[in-house]
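Data block below; observations after.
Below, each value reflects all heavy atoms present in this structure, side chains not excepted, and no hydrogens, waters or symmetry copies.
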Amino acid sequence: MNPMEQMQVFSRVVETGSFTQAAASLGLAKASVSAAVQQLEARLGTRLLHRSTRRVQLSQDGQLFYERAKDVLADLDELDGMFRQASPQSLRGRLRLDMSTGMARQIVMPRLPELLALHPELEIEFGSTERRVDLVREGFDCVLRVGPLGQAEAGLQARPLGLLTMVNCLSPAYLARHGEPEGLDDLRQHRLVHYVSVLGARSSGFEYLDAGGQLQRQAMAGALTVNNAEAYQAACLAGLGLIQAPRVGVQALLDQGLLREVLPGYRAPDMPLTLLYAHRRQLPARVRVVMDWLARVVAEHLRQGAARPGGEAGLAQPQSTP
């Protein structure tokens, strides 16, 4: 293989985390993939990957090489596309993005066929998780992030999109058994479904903005703690307690009467929604176009304005504590 092909094989091994999976996706024998990486390491004079029977891990030099190789391959894809006979607005190549499960299921995935109909040669690797992925280390082109940014995002480019309005919800079954809370004092007799990013962490309790716009927290009892947005919403539907969620994630359930909004005067702070991407001299056209498309898709669900205090959340979860 020539150096460029070796670079492509190496990048695919990194992206799949496996020589076997990389070989299958490239249509090559596993031995050919292994040989290509070994030849690349020999040519560069450094070890790029640490291999074990269970996984493949980047070395420090491998991480640096992969970040640059990804840029080079993206630029090559774009240069090659300039001279193809396809529509000048058609995108091609692979793009990897990530967002919360709620954002993916309720907003982005239903609209994805429109994007792929416009760009049939575009290949998308779609991550959906409540975990805050490492954009650079895990090879994502862009990430749609709900909640305020932390120190981990300091080296990334951020494109603020707007704010998600929060609501407090209870199920009709819960309300029939326990009644509806009318104020903060009533919360002592009610239960909260607790959300934490990592099980074992302390829940922040019920969150709301006071008359001065300051974030306040009130401890509440609750038998259930979850770390997943889908489980959080399902727990509320099952009558296990109150949840605080972005309105867009529960609007259909509110409209159907499956959930009821309560305590509208004590909502949690709006949640900022941000597109994150790595700094580059020039982003590939496919990344720019897809980010613009994502911004348009989510725009109708957002309130524009400056973000107020908030925490990390998905489309069906409250703020999580650090």
Side-chain angles (χ1 to χ4, degrees), residues 1-30 32-33 36-37 40 56 58 63 65-101 103-105 107-129 131 133-145 156-157 159 275-278 280 282-298:
M1 292 185 184
N2 62 44
M4 187 61 66
E5 290 171 332
Q6 292 169 0
M7 187 187 301
Q8 291 171 327
V9 169
F10 165 75
S11 296
R12 197 62 188 143
V13 171
V14 173
E15 290 162 0
T16 60
S18 162
F19 282 86
T20 301
Q21 292 182 36
S25 66
L26 293 170
L28 298 172
K30 181 181 176 182
S32 298
V33 170
V37 174
L40 180 61
V56 176
L58 280 167
Q63 179 67 56
F65 183 80
Y66 173 66
E67 292 172 14
R68 183 65 185 125
K70 186 178 175 185
D71 289 350
V72 170
L73 293 172
D75 291 341
L76 182 63
D77 255 355
E78 192 163 330
L79 181 64
D80 181 58
M82 290 173 59
F83 302 100
R84 294 173 61 87
Q85 296 302 310
S87 165
Q89 295 185 348
S90 180
L91 304 175
R92 66 184 298 268
R94 184 179 290 109
L95 180 140
R96 180 178 292 185
L97 59 89
D98 182 83
M99 64 191 66
S100 70
T101 53
M103 183 68 70
R105 178 173 58 84
I107 297 180
V108 177
M109 198 64 77
R111 300 283 300 274
L112 197 58
E114 302 171 18
L115 179 68
L116 295 177
L118 288 172
H119 307 287
E121 294 186 273
L122 186 65
E123 299 176 28
I124 297 178
E125 294 182 345
F126 199 116
S128 178
T129 176
R131 178 178 62 88
V133 299
D134 187 319
L135 187 146
V136 174
R137 184 176 62 83
E138 298 180 55
F140 287 97
D141 293 288
C142 63
V143 170
L144 198 56
R145 181 65 50 80
L156 302 174
Q157 300 298 301
R159 179 177 170 179
L275 267 173
L276 296 174
Y277 57 99
R280 291 192 54 188
Q282 184 175 1
L283 282 173
R286 62 182 176 278
V287 179
R288 294 196 307 271
V289 170
V290 170
M291 287 199 301
D292 289 344
W293 176 81
L294 284 170
R296 290 194 299 272
V297 165
V298 303

Stepwise, does the side-chain contact (heavy atoms from CB on, under 4.5 Å) test hold for Arg94 with Arg12?
CA-CA 11 Å; Arg94 184 179 290 109; Arg12 197 62 188 143; 3.8 Å; yes
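- Residue Ile107 holds its CD1 atom at 13.5 Å from CG of Leu112, rounded to the nearest 0.5 Å.
- In this structure a side-chain-to-backbone donor-acceptor pair under 3.5 Å is missing from Glu125 to Leu95.
- For Phe140 and Tyr277, the ring centers are positioned 6.0 Å apart or more.
- Rounding to the nearest 0.5 Å places CG of Asp141 at 12.5 Å from CZ of Arg288.
- In this structure, Ser11 contributes its side chain and Met7 its backbone to a donor-acceptor pair below 3.5 Å.
- Considering OH of Tyr66 and CD of Glu15, their distance stands at 4.0 Å, rounded to 0.5 Å.
- Taking CG of Leu97 as the reference point, atom CG of Leu275 lies at 9.5 Å (rounded to 0.5 Å).
- You'll find the side chain of Gln6 stays beyond 4.5 Å of the side chain of Val37, heavy atoms only.
- Between Asp292 and Arg159, the closest side-chain pair of non-hydrogen atoms falls below 4.5 Å.
- Although no hydrogens or angles enter the test, the distance criterion places no donor-acceptor pair under 3.5 Å between the side chain of Gln21 and the main chain of Ser18.
- A distance of 5.5 Å separates OG of Ser32 from CE of Met1, quoted to the nearest 0.5 Å.
- Counting only heavy atoms from C-beta outward, the side chains of Ile124 and Leu116 approach each other to under 4.5 Å.
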Walk me through it: do Leu122 and Val290 pass the test side-chain contact (heavy atoms from CB on, under 4.5 Å)?
CA-CA 10 Å; Leu122 186 65; Val290 170; 4.0 Å; yes
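- The shortest side-chain heavy-atom distance between Arg96 and Phe126 does not fall under the 4.5 Å cut-off.
- Put simply, the side chain of Val9 does not reach to within 4.5 Å of the side chain of Phe19, judged on heavy atoms.
- Listed here is the closest heavy atom pair of Leu58 and Gln63: CD1-OE1, 3.4 Å.
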Please step through side-chain contact (heavy atoms from CB on, under 4.5 Å) for the pair Val133 and Arg145, ending with a clear verdict.
CA-CA 10 Å; Val133 299; Arg145 181 65 50 80; 4.3 Å; yes
Does Leu26 form a side-chain contact (heavy atoms from CB on, under 4.5 Å) with Gln8? I'd like the steps, not just the answer.
CA-CA 10 Å; Leu26 293 170; Gln8 291 171 327; 6.0 Å; no
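- Residues Val33 and Phe10 have side chains not in contact (no heavy-atom distance under 4.5 Å, counting atoms from C-beta outward).
- Side-chain contact between Met99 and Val143: absent, with no pair of heavy atoms (C-beta onward) separated by less than 4.5 Å.
- Taking CG from Asp98 and CG from Leu144, the interatomic distance works out to 9.0 Å, rounded to the nearest 0.5 Å.
- A pairwise comparison of heavy atoms in Cys142 and Leu294 identifies SG-CD1, 4.3 Å as the closest pair.
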